[in-house]
Amino acid sequence: MDDGGGGSFVAVRKIPQPDTCHSNSNSAEVVAGSAAWLGKGLSCVCVQKRDSDASSSFDLTFAQEECLQRLQRRIDVPYDSSVTEHQDALRALWNAAFPEEELRGLISEQWKEMGWQGKDPSTDFRGGGFISLENFLFFARNFPKSFQDLLWKREGDRSVWEYPFAVAGVNITFMLIQMLDLEAVKPRTLVGATFMKFLEENESAFDLLYCITFKLMDHLWLSMHASYMDFNTVMKSTRRQLEKELLVEDITRLQDLPSYKLLSR
């Protein structure tokens with residue numbers, strides 16, 4: 001990471017074309033962003049290779065394989081600003097975030113109010129694809145109070161230099177994809193295999209885990225008295241805590257995770 005200047009960093013995942021084999025689609029890279037205010041500290045830590053990423057894999061039931069494949073198809077969809085469905089989803093996100101403020105355009109300076117790097121949020125979705133927008137919408141619709149609390153930084157003693165809400169959300173999507181090893185044909189980590197059980201029971205498990213993770217990240221952010229240069233450290237702590245909770249033996253659904261209690265509707 002460059003120590004000079006105030007350049008920002010965001011995680012970028014290579015989203016394969018529809019005919020690309022999943023076994024070759026788990027590569028990732030980090031590239032520099034453009035907004036100085038974002039801060040050098042904001043980057044997705046999940047691209048780092050972990051010792052547990054071994055060549056072994058966990059077997060899945062037929063139902064789990066189907067659920068994983070459906071989720072992988074969602075993951076493989078890049079955000080495309082020319083697709084009407086994607087345009088509508090982006091407008092819906094604005095309306096959920098700012099119901100009393102009319103959006104002047106899909107490319108507008110207004111988007112900076114939400115924490116995007118520039119006036120065109122589609123440039124930031126390259127890190128998470130369309131699923132990161134779907135995650136945002138699920139969060140806004142199912143936990144509107146927590147969504148608004150995070151957007152407006154309503155809780156806790158905040159730093160002068162806060163993390164940008166929108167870009168942090170894309171990084172969380174990216175982190176979960178890597179942590180759960182969702183681009184592999186079969187999960188190669190115990191936490192990934194454990195998540196398949198939740199996914200089999202609930203098709204929205206990934207979206208729900210996203211909400212839990214975002215709220216947990218903010219909770220740790222406050223408890224660590226973090227500033228934007230500490231974003232990577234907070235994300236690492238978030239990942240460790242999430243893995244720990246997912247592997248608790250008597251957890252049978254995501255709603256049983258201790259961090260789920262942080263969410264408010």
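Keep in mind that what you see is a predicted model, and the values were worked out from it rather than measured. What you see below is based on every heavy atom in this structure, not just the backbone, and it leaves out hydrogens, waters and symmetry mates.
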J.: Residues in side-chain hydrogen bond (donor to acceptor under 3.5 Å, both in side chains) with Asn142, at least two apart?
T.: none

J.: Just by distance, do the side chain of Trp161 and the backbone of Met229 share a donor-acceptor pair under 3.5 Å?
T.: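 Here the side-chain-to-backbone pair does not exist.
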
J.: Before accepting this row, confirm whether a basic side-chain N of the pair Lys112/Glu109 lies closer than 4.0 Å to the acidic partner's carboxylate O.
T.: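 Counted as a salt bridge, because a side-chain N and a carboxylate O are separated by less than 4.0 Å.
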
J.: Side chain of Ser146, backbone of Phe143: donor and acceptor closer than 3.5 Å?
T.: no

J.: Is a side-chain donor-acceptor pair under 3.5 Å present for Asp88 with Thr84?
T.: no

J.: Any link between Leu246 and Leu190 through a network of hydrophobic side chains (Ile, Leu, Val, Met, Phe, Trp, Tyr) touching at under 4.5 Å?
T.: yes

J.: Find the distance between CD1 (Ile172) and OG1 (Thr238) and round it off to the nearest 0.5 Å.
T.: 7.5 Å

J.: If I compare all heavy atoms of Phe231 with all of Ala168, which pair ends up nearest, and what's the gap?
T.: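 Closest heavy-atom pair between Phe231 and Ala168: CE1-CB, 4.0 Å.
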
J.: Should the pair Glu201-Lys197 be classified as a salt bridge under the 4.0 Å nitrogen-to-oxygen rule?
T.: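 Here Glu201 does not pair with Lys197 in a salt bridge, since their nearest N and O are not under 4.0 Å apart.
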
J.: Have a look at Phe165 and tell me which of Phe214, Tyr228, Trp116, Trp221 forms a ring-ring contact (aromatic ring centres under 6.0 Å, His included) with it.
T.: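 Running ring-ring contact (aromatic ring centres under 6.0 Å, His included) over Phe214, Tyr228, Trp116, Trp221 with Phe165 returns exactly one hit, Phe214.
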
J.: For the residue pair Thr189 / Asp181, report whether a side-chain donor-acceptor contact shorter than 3.5 Å exists.
T.: no

J.: Report yes if some heavy atom in the side chain of Glu183 is under 4.5 Å from a heavy atom in the side chain of Ile177; otherwise report no.
T.: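 Touching, per the 4.5 Å side-chain cut-off.
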
J.: When you check the gap from the basic side-chain N to the acidic O, do Lys236 and Asp230 get nearer than 4.0 Å?
T.: no

J.: Do NZ/NE/NH1/NH2 and the carboxylate oxygens of Arg253 and Asp256 come within less than 4.0 Å?
T.: yes

J.: Show your working on salt bridge (charged side-chain N to carboxylate O under 4.0 Å, His left out) between Arg154 and Asp218 and close with a plain yes or no.
T.: CA-CA 11 Å; Arg154 288 173 175 165; Asp218 189 75; over 6 Å; no

J.: Can you tell me how far NZ of Lys261 sits from CG of Leu216, rounded to the nearest 0.5 angstrom?
T.: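 Nearest 0.5 Å value for the CG-NZ distance: 12.5 Å.
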
J.: Do the side-chain N and O atoms of Ser227 and Ser159 include a donor-acceptor pair separated by under 3.5 angstrom?
T.: yes

J.: Check whether NZ of the Lys or CZ of the Arg Lys153 lies under 6.0 Å from the centre of the six-membered ring of Tyr163 and within 45 degrees of that ring's axis.
T.: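 Lys153 over Tyr163 ring: yes.
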
J.: Leu90, Val83: one ILVMFWY side-chain cluster at the under-4.5 Å cut-off?
T.: no

J.: Could you pull out all residues at least two apart from Phe58 that satisfy ring-ring contact (aromatic ring centres under 6.0 Å, His included)?
T.: none

J.: Is it the case that more than 12 heavy atoms not belonging to Ile107 sit under 6.0 Å from its CD1 atom?
T.: no

J.: Between His86 (side chain) and Asp80 (backbone), is there a donor-acceptor pair under 3.5 Å?
T.: yes

J.: Using 4.0 Å as the upper bound for N to carboxylate O, is an ion pair formed by Arg240 and Glu245?
T.: no

J.: Would you say that more than 12 heavy atoms from the other residues, nucleotides or ligands in this model lie under 6.0 Å from the CZ of Arg70, or not?
T.: yes

J.: Given salt bridge (charged side-chain N to carboxylate O under 4.0 Å, His left out), test Asp207 with Arg74 step by step and report yes or no.
T.: CA-CA 11 Å; Asp207 301 273; Arg74 290 180 62 197; 3.0 Å; yes

J.: Would you kindly say whether Gln87 and Ser81 are connected by a side-chain donor-acceptor distance under 3.5 Å?
T.: no

J.: Would a 4.5 Å heavy-atom cut-off, applied to side chains only, mark Leu257 and Ile212 as touching?
T.: yes

J.: When Phe147 is tested against each of Trp152, Phe139, Phe138 for ring-ring contact (aromatic ring centres under 6.0 Å, His included), which residue passes?
T.: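 Option passing the ring-ring contact (aromatic ring centres under 6.0 Å, His included) with Phe147: Phe139.
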
J.: Side chain of Trp94, backbone of Gln110: donor and acceptor closer than 3.5 Å?
T.: no

J.: Quickly, which of Ile131, Leu209, Asn135, Leu182 forms a side chain to side chain contact (heavy atoms under 4.5 Å, CB included) with Leu176? Name it, please.
T.: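 With Leu176 as partner, Ile131, Leu209, Asn135, Leu182 yield a single side chain to side chain contact (heavy atoms under 4.5 Å, CB included), made by Leu209.
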
